[in-house]
Amino acid sequence: MASNSPKKRRSCLVCARELVTCKTYCSLRGKPEVTKTLSELLVEDVGLSLNSEHLCMICCRKVQKLQGCESLRVAFLETNRASKRRRDKENVQPVNTPMKNLEDNGRMKRMARSSPSSPSLHHREKKQHRSQPVNLSERYSRRGNDDSVYREIITIAKGKEQGRMKLLPKWEGVISAIMDDDENLVFREMEKFEGFKSNSVIAVESAIIKECSFTCSPSTKSSFRQSSKEDFESFSFTKQLAELENYAPVLLSVLRTAATAPTIERNKKKTRASLVPGIVTAASVLFNCRSQIMNSHQLLTSFTLLEGGCTKKAFARLGMRNLCLSYNYVIQKQTEFGLGFDTEVKKWIEQAERENNENASDLTNDRETPVLSFQLAMDNVDMRIKTRHTTRQHHGADYHMANIIAVKNRVDCSHLPNETPTVNVENIDLGLFLPSQEDETALKNDWIVLMGHIIANHIPSLKWIADELPKVIPHDHMPEAKKKSQVVSLGVVMENENTSEGIYNIMHYMHQYVPGHRTGTPTDIISAGDLLTCERESNCIEEQQNSSTPNKRLDGLIPAIADFHSYANFLQVVWQNLYDTSSSADKINLYSARNFLEARNVTKDPMKDVNAASDLLETYTKSLVVAAAMEYFGVDDPNDEPSQNAFRLDVHHDRSYYVRTVLADLIDKCVIPHVSEINYDVPQFKCILCPKVYKTKKGLQRHTLTKHSLETAATAQQTTSQVAEGSQSDAIFNYARCSLGMCMVAMNFVDARRLGDGKRLIRMYKYFLLHFKASGKQKYSYQVLRLLAKVHCFLSPRLAYDLVWNRFVNKTGRVDGNIEVDREVEHQNRVFKAQCKSLHGKITAKSVKRVSQFAQELDECLKRIDTEAGLRQQSGKHTRPDISEDVNALAKEMNRVNLFEYTPGRHMSSSRSFPSSTLGSLNIADLYRWMKTTLNELSRKYVFRQHCRRE
């Protein structure tokens with residue numbers, strides 16, 4: 001029978017806490033050695049009884065660490081899982097049993113923690129005082145047989161004492177920090193305890209696991225897992241850093257701590273912002289190790305490797321380290337991203353067709369909103385594959401392709417009529433295509449500004465001249481010229497423009513982007529290119545003039561010569577007249593300047609390196625201007641003060657008037673006006689052994705070699721102007737004037753291009769026409785005259801205005817950031833060739849199409865990401881070092897020979913004379929006859945018959 005006596009409750013031997021049956025405890029029954037050890041440790045002896053023969057697990061863990069209690073580690077754990085009872089609502093006050101060498105009472109330690117809401121409080125007390133504020137007070141007392149000092153902590157809630165605890169002195173720092181509410185101090189004090197570091201690491205690991213699980217979850221839509229084309233184009237380190245701050249702050253803190261050196265505040269180059277790409281990339285690699293679909297950074301790295309031409313082995317090695325994706329997957333992505341390469345141009349076409357239809361239905365033709373228009377540009381891109389060992393079957397290959405782009409026009413031309421003009425070719429004023437007096441005055445005003453800024457920049461005493469001149473030469477469309485251009489690559493066509501079939505396929509590929517192609521009513525747009533491209537396009541259109549439909553006849557494409565290759569050919573004219581390798585002893589000519597400036601990348605043919613030749617010509621031009629200014633103002637060194645023609649307030653009164661007057665006088669003395677050159681000083685090369693007269697020096701040389709002996713050939717070369725002038729000629733003075741004139745024409749052309757001044761550029765083409773004709777460049781003379789004829793008579797006013805002002809591309813948004821449209825095609829050719837390195841010689845139509853359709857977008861995305869990461873990028877404008885020292889040094893060398901001071905009888909080392917005009921060989925009658933014949937021929941072309949009717 002069951003006993004009716006009340007059941008006795010079990011309690012802890014040390015802390016006297018009641019052991020609830022659902023809790024785990026440690027039994028001391030049958031372990032006398034443990035009981036003896038506890039008796040030695042505690043102040044009073046321990047006597048086991050039926051109700052006091054157990055230890056709670058909190059006290060048991062503490063006692064296990066004491067010396068002599070190792071046997072407790074193998075004590076039996078008795079667990080009563082029969083029933084779960086609720087604890088009594090009444091608090092069981094602990095019996096304050098003094099302990100010696102015991103680290104702590106577990107329950108007391110928990111009660112000493114920070115706030116009532118802390119999980120370290122006893123469950124019953126937490127439930128009872130969950131919403132009650134608890135205050136801690138303290139007092140010191142001396143207790144114990146060993147006279148040790150304990151701190152007694154009293155827990156007070158609602159003004160009443162709720163419990164007391166006693167702690168050893170080692171806890172004083174923690175309790176003081178808690179009572180001072182100093183979290184950092186609490187943490188530093190807790191670091192002193194054994195096991196705190198490992199527990200903290202476990203807590204951090206747990207937090208990072210939760211953060212990574214949440215970030216890598218598909219529902220989070222993290223930017224680390226987005227790998228579409230739109231996501232790749234909007235990739236941003238800053239965006240992903242913000243995501244880490246929101247989703248994974250602990251992981252970000254760990255990475256930042258590992259990446260930040262203690263000396264970063266003193267490092268001027270490496271800042272905290274420069275660490276962002278590395279920190280974000282480290283996080284992405286860790287995420288990719290966890291989940292393969294977290295691969296946005298790996299895709300970026302893969303495209304970087306692909307653009308650099310890395311092999312499949314490089315992709316495999318880096319992919320093994322979770323740094324990139326597989327080569328096949330990247331090729332698949334490249335094809336996917338390039339599918340919509342022409343979407344933007346198709347939108348332009350739809351908008352242009354819609355606006356043209358609305359314009360056709362509007363009888364008043366009075367539009368206030370601009371009409372969208374664009375132009376196409378094409379240039380050949382050639383690649384040559386060489387073999388290591390050549391055979392008849394494997395001897396390398398030459399690939400000839402065509403790169404095509406579309407450029408949206410920035411200057412609106414819809415305010416002008418689009419009617420076809422009526423022109424009588426027989427009555428065309430040929431003066432429209434030659435420099436007039438107005439053009440000469442405008443050219444002189446341009447040179448005043450350009451030369452004034454050069455003088456102000458290199459002669460310190462005349463620096464104030466720049467304040468009286470405009471910073472740039474203004475024109476009518478400065479706001480439009482500052483806007484960034486929208487350029488779309490239309491891919492590379494693997495066809496050879498040198499063959500009839502190739503140019504036919506290229507032209508029909510281009511024609512699909514002409515507005516109205518789908519409806520069979522194409523609208524006229526400009527198709528720009530170099531001389532050969534323009535010539536072949538025109539010939540192809542002529543061959544298709546008898547086709548049945550407008551699309552087959554290629555209606556709507558108007559070929560026009562672009563500016564970059566025209567400028568390069570003008571450099572050839574300058575080199576032909578001024579660059580003489582046999583005159584290295586002279587200090588004034590272009591070849592001597594090349595040697596003086598150590599411009600070794602410049603050769604006899606400027607077309608081999610147009611940029612290097614242009615840089616040399618710019619330095620040479622500035623040196624000539626400074627030397628002319630030193631001669632005019634009477635200074636021997638650029639740092640000296642002017643001794644003549646200086647500004648005097650009592651004489652000139654107005655600084656601005658003085659500047660323009662002085663610079664105009666300097667130009668008149670040092671530069672020959674080009675209009676007056678045509679009929680003056682025409683040289684005739686006369687043989688001294690017979691009455692034969694020739695127009696060119698080569699003709700006279702050929703005559704002397706064939707008709708006379710070789711010994712007399714070298715001495716029989718002279719001109720009638722030489723005979724007439726005799727000792728009155730000054731070859732050095734003539735060379736200096738001609739050089740400065742041609743160099744200023746080139747500089748004015750470049751300046752007009754930089755500022756997007758189409759009107760000034762077309763005016764400079766009139767001077768180009770004269771120089772091309774005088775130098776024997778018949779094809780470029782023909783194409784320049786054709787361009788001027790389109791502008792002045794053969795095209796409608798709207799299309800002619802479009803041809804004048806929409807000739808440039810601006811990729812930077814600067815006022816001087818315009819480049820020629822064919823130069824932009826050359827830049828894209830370079831990008832395409834660089835990315836073709838990944839093909840490793842395996843060039844096919846499919847691979848060319850895949851690379852070209854995404855090449856430009858990939859290059860722009862990588863440049864944008866590089867800029868965000870702080871990687872220094874080269875802009876469209878070539879950054880050059882300061883050339884002031886070179887300019888001044890070369891100017892002083894020129895000034896020593898007084899090249900702008902007329903001294904009769906001086907001659908150059910290579911020849912005894914130099915013509916006073918490079919245009920002296922032009923015959924005005926022959927020039928007009930040629931222009932008349934060429935215009936009649938052009939008027940019969942099919943491409944112009946659409947726009948020009950004969951009366």
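Side-chain atoms of Asp342 and Tyr513 include a donor-acceptor pair closer than 3.5 Å. Side-chain polar atoms of Gln334 and Arg850 form a donor-acceptor pair below 3.5 angstrom. Residues Asn829 and Asn403 bring a donor and an acceptor atom of their side chains to less than 3.5 Å of each other. Between the side chains of Thr934 and Asn936, no donor-acceptor pair of N or O atoms lies under 3.5 Å. Thr238 and Glu868 are linked by a side-chain donor-acceptor pair at a separation below 3.5 angstrom, with hydrogens and angles left out of the test. In the model, Ser566 has a side-chain atom that pairs as donor or acceptor with a side-chain atom of Tyr765 under 3.5 Å. Side-chain atoms of Ser296 and Gln226 form no donor-acceptor pair, as typed in the model, at a separation below 3.5 Å. Arg225 and Asn295 share no side-chain donor-acceptor pair at under 3.5 Å. One side chain, Gln351 or Glu355, offers a donor N or O that lies under 3.5 Å from an acceptor on the other. Between the side chains of Ser796 and Asn418, a donor-acceptor pair is found at a separation under 3.5 Å. Checking Ser527 against Gln375 by side-chain atom types alone, no donor-acceptor pair falls below 3.5 Å.
For the pair Leu761 and Val804, the minimum side-chain heavy-atom distance is 4.5 Å or more. Proximity of Phe749 to Asp563: side-chain heavy atoms (C-beta onward) are separated by under 4.5 Å at one or more points. With a 4.5 Å cut-off on side-chain heavy atoms, Asn569 and Val573 do not count as touching. In this structure the side chain of Leu376 reaches within 4.5 angstrom of the side chain of Ile525, judged on heavy atoms. A 4.5 Å side-chain heavy-atom check between Asp530 and Ile561 finds every atom pair outside the cut-off. Residues Ile349 and Val514 are not in side-chain contact: their nearest non-hydrogen atoms beyond the backbone lie 4.5 Å or more apart. Taking 4.5 Å as the limit, every side-chain heavy atom of Lys484 sits out of range of all side-chain heavy atoms of Arg410. Two residues are said to be in side-chain contact when any heavy atoms from C-beta on lie closer than 4.5 Å; Glu307 and Leu862 meet this criterion.
In summary, the aromatic rings of Tyr767 and His771 are positioned with their centroids too far apart to meet the 6.0 Å limit. In summary, the aromatic rings of Tyr801 and His415 are positioned with their centroids under 6.0 Å apart.
A donor-acceptor pair under 3.5 Å links the side-chain atoms of Ser538 to the main chain of Cys534, judged by distance alone. Proximity of a side-chain donor or acceptor of Ser302 to a complementary backbone N or O of Leu325 within less than 3.5 Å is detected. Judged purely by atom type and a 3.5 angstrom limit, Gln240 has no side-chain atom pairing as donor or acceptor with the backbone of Phe237. In terms of modelled atom types and a separation under 3.5 Å, the side chain of Asn409 and the main chain of Leu372 share no donor-acceptor contact. In this structure, Ser614 contributes its side chain and Val610 its backbone to no donor-acceptor pair below 3.5 Å. A donor-acceptor contact shorter than 3.5 Å links the side chain of Gln856 to the backbone of Gln828. The backbone N or O of Arg798 sits nowhere less than 3.5 Å from a side-chain atom of Asp802 that would complete a donor-acceptor pair. Judged purely by atom type and a 3.5 angstrom limit, Ser852 uses its side chain to pair as donor or acceptor with the backbone of Val492. Listed for the Arg864 side chain is a donor-acceptor partner under 3.5 Å among the backbone atoms of Phe235. Under the 3.5 Å distance criterion, the side-chain polar atoms of Asn810 are matched with a main-chain donor or acceptor of Thr812.
Residues Val472 and Met478 approach most closely at CG2-CE, 3.9 Å, considering heavy atoms. The minimum heavy-atom distance linking Ser547 with Arg553 is given by the pair O-NH1, 3.1 Å. Scanning all heavy atoms of the two residues, the minimum distance from Leu490 to Val345 falls at CD2-CG2, 3.7 Å. The heavy-atom pair separating Phe341 from Ser489 by the smallest distance is CD1-O, 3.7 Å. Closest approach of Pro417 and Pro797 over heavy atoms only: O-CD, 3.6 Å. The minimum heavy-atom distance between Phe808 and Val407, with the atom names listed, is O-CG1, 4.5 Å.
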Report task. Start with the C-alpha distance between Leu788 and Lys766, add both sets of side-chain angles, then the distance that settles side-chain contact (heavy atoms from CB on, under 4.5 Å), and finish with yes or no. Result -> CA-CA 8 Å; Leu788 296 173; Lys766 297 180 181 181; 4.3 Å; yes

Requested in this report: Just do the side chain to side chain donor-acceptor pair (under 3.5 Å) check on Asp816 and Asn818 with the steps written out, would you?
Outcome: CA-CA 6 Å; Asp816 60 344; Asn818 292 275; over 6 Å; no

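Residue Asp379 holds its CG atom at 5.0 Å from OG1 of Thr533, rounded to the nearest 0.5 Å. Between the CG atom of Leu299 and the OG atom of Ser228 there is a distance of 9.5 Å, given to the nearest 0.5 Å. Expressed to the nearest 0.5 Å, how far CD of Glu542 lies from SG of Cys540 amounts to 10.0 Å. Note that CG of Asn380 and CG of Asn498 are 7.0 Å apart. Values are rounded to the nearest 0.5 Å. Distance check, rounded to the nearest 0.5 Å: NE2 of His400 to CD of Glu497 gives 10.0 Å. Note: Leu554 CG to Lys552 NZ = 11.5 Å, rounded to the nearest 0.5 Å.
Note: Phe337 and Phe303 have tilted aromatic rings, judged against thresholds of 30 and 60 degrees for the angle between ring planes. Using bins of under 30°, 30° to 60° and over 60° for the plane-to-plane angle, the ring pair Trp348/Phe374 lands in the tilted bin. Using cut-offs of 30° and 60° on the angle between ring planes, the pair Phe772 and Phe570 is perpendicular.
Salt bridge present: Lys811 and Glu824 bring a charged side-chain N and a carboxylate O closer than 4.0 Å. Comment: Glu336 engages Lys333 in a salt bridge, judged by a side-chain N to carboxylate O separation of less than 4.0 angstrom. Remark: Asp859 engages Lys863 in a salt bridge, criterion side-chain N to carboxylate O under 4.0 Å. Comment: Asp757 does not engage Arg807 in a salt bridge, judged by the lack of any side-chain N to carboxylate O separation of less than 4.0 angstrom. Looking at Glu353 and Arg518, a side-chain N of the basic residue comes within less than 4.0 Å of a carboxylate O on the acidic one, giving a salt bridge. Note on Glu857 versus Lys229: salt bridge recorded, some NZ/NE/NH1/NH2 to OD/OE distance being below 4.0 Å. Under 4.0 Å is where a charged nitrogen must lie from a carboxylate oxygen, and between Arg754 and Asp751 at least one such pair does. A salt bridge links Arg753 to Glu820: at least one charged side-chain nitrogen sits closer than 4.0 Å to a carboxylate oxygen.
The side chain to side chain contact (heavy atoms under 4.5 Å, CB included) with His517 is formed by just one residue from the set Asp555, Asn551, Thr523; it is Asn551.
Counting non-hydrogen atoms of neighbouring residues, nucleotides and ligands closer than 6.0 angstrom, the NZ atom of Lys408 exceeds 12 such neighbours. Annotation for Lys779: atom NZ does not count as buried by contact number, only 12 or fewer foreign heavy atoms lying within 6.0 Å.
Annotation: cation-pi geometry satisfied between Lys773 and Trp930 (NZ/CZ under 6.0 angstrom from ring centroid, within 45° of ring axis).
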